[in-house]
2 protein chains.
Amino acid sequence: MNHKDPIAILRSHNLRVTDCRIAVLQHFMKTDHALSQGDLEENYSEFDRVTLYRTLQNFLEKGILHRIPDDSGFASYGLCFETCTPDGHHHDHLHFKCSDCGHIQCLEQTHVPKIKLPKQFQVDHIDLIIEGTCSDCQHA
Amino acid sequence: MNHKDPIAILRSHNLRVTDCRIAVLQHFMKTDHALSQGDLEENYSEFDRVTLYRTLQNFLEKGILHRIPDDSGFASYGLCFETCTPDGHHHDHLHFKCSDCGHIQCLEQTHVPKIKLPKQFQVDHIDLIIEGTCSDCQHA
DNA sequence: ACTTTTATGCAATAATGTTGCATGAATAAA
DNA sequence: TTTATTCATGCAACATTATTGCATAAAAGT
């Protein structure tokens, strides 16, 4: 889904096509890192905080966005891929967080390794966050 | 550090020994899952919210606790191990989050696999969160 | 016991998350 | 293309969490 037309994406998920949703979706598509609600609020002051909040919630439910775990307390969001549906998210990629600029990006190429757990644990999915320095920040 | 005397732990990290710090530390030691600030507030209403907040911050800085990333927006905290110092956290374990009871536990036994990233990424540390069902919740 | 240093509680504020409801916009139906 | 219906939006309001400043109280050093 990553690089299609925003309107097509909305339609295919049974979401009404509105200015806010198009804007948010476009913003995600042109940005190479995860976005927080605050990021959106800064860029789209023409939309209400609550509308942006609900837009994110809707996109999460429909499997358009996924929430990225972060120890900062901020929630941030990234676009999902074709494997995600309203029934559930099915990710196999990992997230890289730069401790310098704070940006989080999804690394689609890199896959999450299988991990063996003791039998008493039933695994549903794995989140992998790698923290370090991104290329942009290594020369600063 | 996991199972030592709270007072000894505080002393060895150059922290004053106070009721609140002892209580919080003891609570972490007797609990098998990660705790949030809310958990502490419920259990220790005799201490101010802000004091508990600052206690957690101090413990983080000193390397007594580590923050566990979570996509729920709640921050939660777990005890560190001997490898952590005020200079940085050095963890090699993963976290299991039960989607049923919500508890997060540190699995010390299980190690985080090495992961190869493209060269432009400089890796500092890896956070691995596995979500699923814990043994207590599988029969419910 | 006294001094110095640091933690605590209280007040206050900011940011974020969340819900209800009236209105307006988007889709479906005629 | 107009009308009816469904749903998104904005506003108000509130809950929760995160955060800082400051006076006081408590801990450690002498």
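Letters A, B, ... mirror the listed sequences (proteins, then strands); counts begin at 1. In this text, all values refer to a predicted model and were calculated from it rather than measured experimentally.
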ask   = Where do B:Leu94 and B:Asp127 land on the side-chain contact (heavy atoms from CB on, under 4.5 Å) test, with the steps shown first?
value = CA-CA 7 Å; B:Leu94 54 83; B:Asp127 275 315; over 6 Å; no
request  = For B:Ile22 and C:dA7, give me the distance from atom CD1 to atom C1', rounded to whole Å.
outcome  = 13 Å
inquiry  = Would you say B:Tyr53 places a side-chain N or O within less than 4.0 Å of OP1 or OP2 belonging to D:dT19?
reply    = yes
key: Rounded distance (Å) that lies between atom P of C:dT6 and atom CG of B:Leu10   = 15 Å
ask   = Out of curiosity, B:Thr18 OG1 to B:Leu10 CG, how far, rounded to the nearest 0.5 Å?
value = 7.0 Å
query = Taking atom OG of B:Ser99 and atom CD of B:Glu131, what is their separation to the nearest 0.5 Å?
reply = 4.5 Å
Atom pair distance, as rounded to whole Å: CG in A:Asp70 and P in C:dT16 = 13 Å
key: Step-by-step side chain to side chain donor-acceptor pair (under 3.5 Å) determination, A:Asp39 to A:Ser36   = CA-CA 5 Å; A:Asp39 293 331; A:Ser36 68; 3.2 Å; yes
request  = Examine C:dG9: is either OP1 or OP2 under 4.0 Å from a nitrogen or oxygen in the side chain of B:Thr51? Give yes or no.
outcome  = yes
Could you list the protein-to-nucleotides 20-23 of chain C atom pairs, N/O on both sides, closer than 3.5 Å?
{"residue": "C:dG20", "atom": "O6", "partner": "A:Arg54", "partner atom": "NH2", "Å": "3.1"}

request  = Starting at atom CG of B:Asn14, determine the distance to atom C1' of C:dT6, rounded to an integer number of angstrom.
outcome  = 13 Å
ask   = How many Å lie between OH on A:Tyr77 and C1' on C:dT16, as a whole number?
value = 10 Å
task = Group every Ile, Leu, Val, Met, Phe, Trp and Tyr by side-chain heavy-atom contacts under 4.5 Å, then state whether B:Phe59 and B:Val50 land in the same group.
result = no
remark   = Rounded to whole Å, CZ of B:Arg67 lies from C1' of D:dT17 at a distance of 12 Å
inquiry  = Just the rounded figure in Å: distance from P of D:dT20 to CG of B:Leu52.
reply    = 17 Å
Expected rows: protein N/O vs nucleotides 26-29 of chain D N/O, under 3.5 Å:
{"residue": "D:dA27", "atom": "N3", "partner": "B:Arg16", "partner atom": "NH1", "Å": "3.1"}
{"residue": "D:dA28", "atom": "OP1", "partner": "B:Val17", "partner atom": "N", "Å": "3.0"}

key: Audit row: B:His66, B:His95, ring-ring contact (aromatic ring centres under 6.0 Å, His included) steps and yes/no   = CA-CA 12 Å; B:His66 59 285; B:His95 296 109; 5.2 Å; yes
message = According to side chain to side chain contact (heavy atoms under 4.5 Å, CB included), who are the partners of B:Thr31, at least two apart in sequence or on a separate chain?
response = B:His27, B:His33, B:Leu35
task = Figure out the CZ/C1' separation between A:Arg21 and C:dA25, and round it to whole Å.
result = 11 Å
request  = To the nearest 0.5 angstrom, please state how far the SG atom of B:Cys98 sits from the CD atom of A:Gln122.
outcome  = 9.5 Å
inquiry  = Over all strands shown, is B:Arg49 touching base, sugar-phosphate only, or nothing at heavy-atom distances under 4.0 angstrom?
reply    = base
task = To the nearest 0.5 angstrom, please state how far the CZ atom of A:Arg16 sits from the CG atom of A:Asn58.
result = 12.0 Å
inquiry  = Of the options D:dC11, C:dT8, C:dC10, whose atoms approach the side-chain atoms of B:Thr55 most closely?
reply    = C:dT8
request  = Give the cluster check for B:Ile104 versus A:Phe121: same hydrophobic cluster or not, with ILVMFWY residues linked at side-chain heavy-atom distances below 4.5 Å.
outcome  = no
Steps toward side chain to side chain donor-acceptor pair (under 3.5 Å) verdict (B:Glu61, B:Gln57) = CA-CA 6 Å; B:Glu61 283 169 22; B:Gln57 300 304 312; over 6 Å; no
ask   = Who pairs with B:Tyr77 by ring pair (Phe, Tyr, Trp, His ring centres under 6.0 Å), at least two apart in sequence or on another chain?
value = none
task = Under 4.0 Å from any atom of DNA chain D, heavy atoms only: list the residues of residues 36-46 of chain B that qualify, in numerical order.
result = B:Gln37
note = Between the CG atom in A:Leu56 and the CZ atom in A:Phe28, the distance rounded to the nearest 0.5 Å is 5.5 Å
ask   = A:Ile68 and A:Leu107: same hydrophobic cluster, using ILVMFWY side-chain contacts below 4.5 Å?
value = no
request  = Five pairs at each end of the helix from C:dA1-D:dT30 to C:dA30-D:dT1: take the axis at both ends and give me the angle between them to 10°.
outcome  = 40°
